[in-house]
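Only one structure is covered here, and it is reproduced in the block below.
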Amino acid sequence: MKKLLVVLLAAAMCVSMLAGCSSSKSDNSSSEASTESSTAVESSAATESSAAEESSAAVESSAAEESSQPEGNVELRKFTMLGDDAFTSYYSATDSMEEFYAWQAFRKLEEAKGVDMQVEYVVNDQYLTTVQTRFAAMKDIPMFAYNNETDAEVLALAQNGIVLDILPMLDKGDGTAKKFFTENDFGVTAANKVKTPEGQMYWLPNIYISDYDGTYGVGTNFTVTIREDWLNQYGLSLPTTLDEYTTALKTFNENDPSGSGANTPGMNVYSYNPCDFADAIAQWFGLVGGPVVNVNWDEEKATSPWKQDTAKDYFSYVNDLYNQGLYDSEMVGSNDTLRTKVANNQVGSYSAYALATTYEPLIESAFKADGGGACYDDIYPITAVEGVTPLLQLEDPVYVWDHFVFTNQLTDPTLGAAFMDAYYSDENIDLINYGVEGKNYEVKDGEKQWIQYDAKQEGAGVKYNADALNKYLQEKADARISYGKILYSRYVTPDMTYYQLGDATRAPKEQVWAAQKTEYQEKTIDYGHWTSIDVGGTLATASTEETDKVNAIYNDLHSASQQDVSALVLGQSSVDDLDTLVSQLDDLGLQDMIDIYQARYNRFKGID
């Protein structure tokens, strides 16, 4: 597979950290495409905005009919679509989409298959309401639509015959799309995740496939980070044991490198919300991630950290940190102030995505003239309990979300098949990731190289300047050289993006990029002992019955779990009461949820 260069925008470095006790990690994962998600997220995170005006374009939802004739006298058939005009900060899709080079090239690919795309765009802040209203009333529904409702809502539409099963449609085309979803490893994985228990596939998902220096399907992980410059200041090495980590935090707290107050509890120490078992310290003890139930990939087993033998060891350790003033109690329940405290140079250690330089640009000392300054190193997995292998939370390397559906307004399945065959072609995947040769990139020595790529604006780790970035992106839009993934994929058509996690695209003189981060990624890339950052990405689509059961228990169960974590960390409950707490969680449905997640995991992996 081709090595892809994916633009990394500085705006995306302002990560929306996992919200902790007030919301689950899986909830945040669904929106991480608009933030820095370890996978070096794209420019769409910086370009999404509320709408300027509602689209006035109207589309008929009649059957396919002849339109005009493309080159080669292929008969064009009308294909109506509904999409989200999500990038109105820079252009109006309704007014100017047809002027963009990448869209023109995409349209040409579709027309070569006889597909005449007729798209109605609805502004972003009205899109979900528009979809819900139209599908409920069965009015003005197109043949193909971006549907950002929940899985359960889309499945209900399918049960009512409004949304069509895609799998039979794949057999009606030239085989390109079918091959993608049945032979391509990434396509097969994506299909397995969105298929129903009965084997139907009712939507095309957005797909992110991460890449590290040419190796595809490699996710990044979530780890504990620590200030490298403070370690150096006090002659300490990167911690490799719990004792060394505790000593480093104690040294920071006692010596006050930030000038915020020596021996002040919670200052210059570890700051991150533990309430969903998502602090990465929990994984040193072999605990799966949260928020309540997750999967141990080694064992192919769904479980809850509450049910694991080392839960008591974990709570004893973090409570001890808290008692010594080495755990920032302000974060227990919420990460809301984490960004501010890091920017104020008051955090010695926190948890983050490996390779991320999320907060360093906020620290003034990070931008010294000599290139030195603040940076956080990624700590390798620490064995906290003898004989227990530490886990790492992995961001799913084939991440899928959202829905693009064919509706019952499509009466000719060969038309839908033709659309997919063009869409999942190598040519269109290049348009999504690169754009148009000669406009967005050129080929030199067999490698694609960007044209008009400004590393000072688009490089990872650069100091964020919103005005400069917006000006730069506006100039690209004005020149009509925005490419697929910041033009039509993800909101009008499914995304099919490769994300490069390596440092090849990082701006060489404008970055805050510790060499240790590259070493960490290379050493952990094949670590293999994983639990999920977003457990939903490791499970097949839930059945209606499974959804109803989880919905009935989840809120109370999650709330109780968070309260119990908080109480144990802060010493308000004793670890000696752990069995009682777990029994109470079981009464709320914990074991039922584990069983449902195990069944969904088994379907995804094809385990009988």
Side-chain angles (χ1 to χ4, degrees), residues 13 15 17 223-272 279-281 284 317-318 320-331 335 337-382 460-463 503 506 508-521 523-524:
M13 305 313 295
V15 89
M17 297 304 297
T223 187
V224 180
T225 70
I226 193 166
R227 282 286 291 264
E228 177 190 274
D229 50 320
W230 289 3
L231 290 173
N232 294 338
Q233 183 175 340
Y234 300 111
L236 300 173
S237 300
L238 188 70
T240 59
T241 67
L242 279 186
D243 286 344
E244 290 176 359
Y245 181 67
T246 305
T247 296
L249 296 182
K250 192 174 182 63
T251 301
F252 296 165
N253 183 250
E254 291 176 345
N255 290 277
D256 188 28
S258 71
S260 301
N263 294 307
T264 301
M267 191 62 65
N268 304 315
V269 292
Y270 179 75
S271 297
Y272 202 77
D279 58 359
I281 291 179
W284 292 349
Y317 176 69
V318 292
D320 183 57
L321 288 182
Y322 168 73
N323 289 335
Q324 294 185 64
L326 307 181
Y327 202 119
D328 186 356
S329 62
E330 187 178 325
M331 298 297 153
N335 285 320
T337 60
L338 177 60
R339 176 187 176 89
T340 299
K341 296 192 78 166
V342 174
N344 290 339
N345 206 30
Q346 297 172 330
V347 175
S349 176
Y350 73 100
S351 296
Y353 289 96
L355 293 176
T357 53
T358 305
Y359 288 148
E360 283 92 330
L362 303 175
I363 306 172
E364 189 59 34
S365 63
F367 292 93
K368 296 178 181 178
D370 62 3
C375 63
Y376 287 88
D377 282 355
D378 299 331
I379 298 179
Y380 300 101
I382 287 176
V462 302
K463 195 168 185 178
D503 59 357
R506 303 184 189 279
K509 294 183 180 179
E510 300 291 331
Q511 63 183 4
V512 181
W513 185 258
Q516 187 272 342
K517 288 183 177 292
T518 298
E519 295 171 2
Y520 173 92
Q521 178 70 13
K523 286 185 178 180
T524 61

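- The two residues V224 and S351 come nearest to each other via the heavy atoms CG2-OG, 3.9 Å.
- Listed by chain and number, the residues in a ring pair (Phe, Tyr, Trp, His ring centres under 6.0 Å) with Y520 are Y380 (sequence neighbours excluded).
- Rounded to the nearest 0.5 Å, atoms CG (L242) and OH (Y317) are 5.0 Å apart.
- Centroid-to-centroid, the aromatic rings of Y376 and Y359 stay 6.0 Å apart or farther.
- For L231 against S237, the heavy-atom pair with the smallest separation is CD2-O, 3.9 Å.
- Counting only heavy atoms from C-beta outward, the side chains of I363 and R227 approach each other to under 4.5 Å.
- Among residues two or more places apart in sequence or in another chain, the side-chain hydrogen bond (donor to acceptor under 3.5 Å, both in side chains) test is passed with T264 by none.
- Formation of a donor-acceptor pair under 3.5 Å by the Q516 side chain with backbone atoms of D378 is found in this model.
- The side-chain hydrogen bond (donor to acceptor under 3.5 Å, both in side chains) check on N253 picks up nothing, with sequence neighbours excluded.
- For the pair D256 (side chain) and G261 (backbone), a donor-acceptor distance under 3.5 Å is present.
- With a 4.5 Å cut-off on side-chain heavy atoms, D229 and P257 do not count as touching.
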Practice task
Go through W230 and N268 one step at a time and tell me if the side chain to side chain contact (heavy atoms under 4.5 Å, CB included) criterion holds.
Solution key: CA-CA 10 Å; W230 289 3; N268 304 315; 3.6 Å; yes
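- Between V269 and Y327 there is no side-chain heavy-atom pair separated by less than 4.5 Å.
- Here the CD1-CD1 distance, from I382 to I281, works out to 8.5 Å after rounding to the nearest 0.5 Å.
- Between Y270 and L326 there is no side-chain heavy-atom pair separated by less than 4.5 Å.
- Residues satisfying the side-chain contact (heavy atoms from CB on, under 4.5 Å) test with T241, not counting sequence neighbours, are D243, E244.
- Contact between S258 and N345 at its shortest, heavy atoms only, is CB-O, 2.6 Å.
- Contacts of N255 classified as side-chain contact (heavy atoms from CB on, under 4.5 Å), with partners at least two apart in sequence or in another chain: Y234, T251.
- Applying the side-chain hydrogen bond (donor to acceptor under 3.5 Å, both in side chains) criterion to D320, with sequence neighbours excluded, gives Q324.
- Residues Y272 and D328 fail the side-chain proximity criterion, which asks for heavy atoms closer than 4.5 Å.
- Under the side-chain hydrogen bond (donor to acceptor under 3.5 Å, both in side chains) criterion, Y245 pairs with S349, not counting sequence neighbours.
- Applying the side-chain contact (heavy atoms from CB on, under 4.5 Å) test to S329 and every residue at least two apart in sequence or in another chain returns Y322, L570.
- A distance of 6.0 Å separates CD in Q346 from NZ in K341, rounded to the nearest 0.5 Å.
- For the atom pair N335 CG and T337 OG1, the distance stands at 8.0 Å (nearest 0.5 Å).
- Counting only distance, with no hydrogens or angles, the side chain of T223 and the backbone of I379 share a donor-acceptor pair below 3.5 Å.
- Under the rule for a side-chain contact (heavy atoms from CB on, under 4.5 Å), the partners of E254 that lie at least two apart in sequence or sit in another chain are K250, N263.
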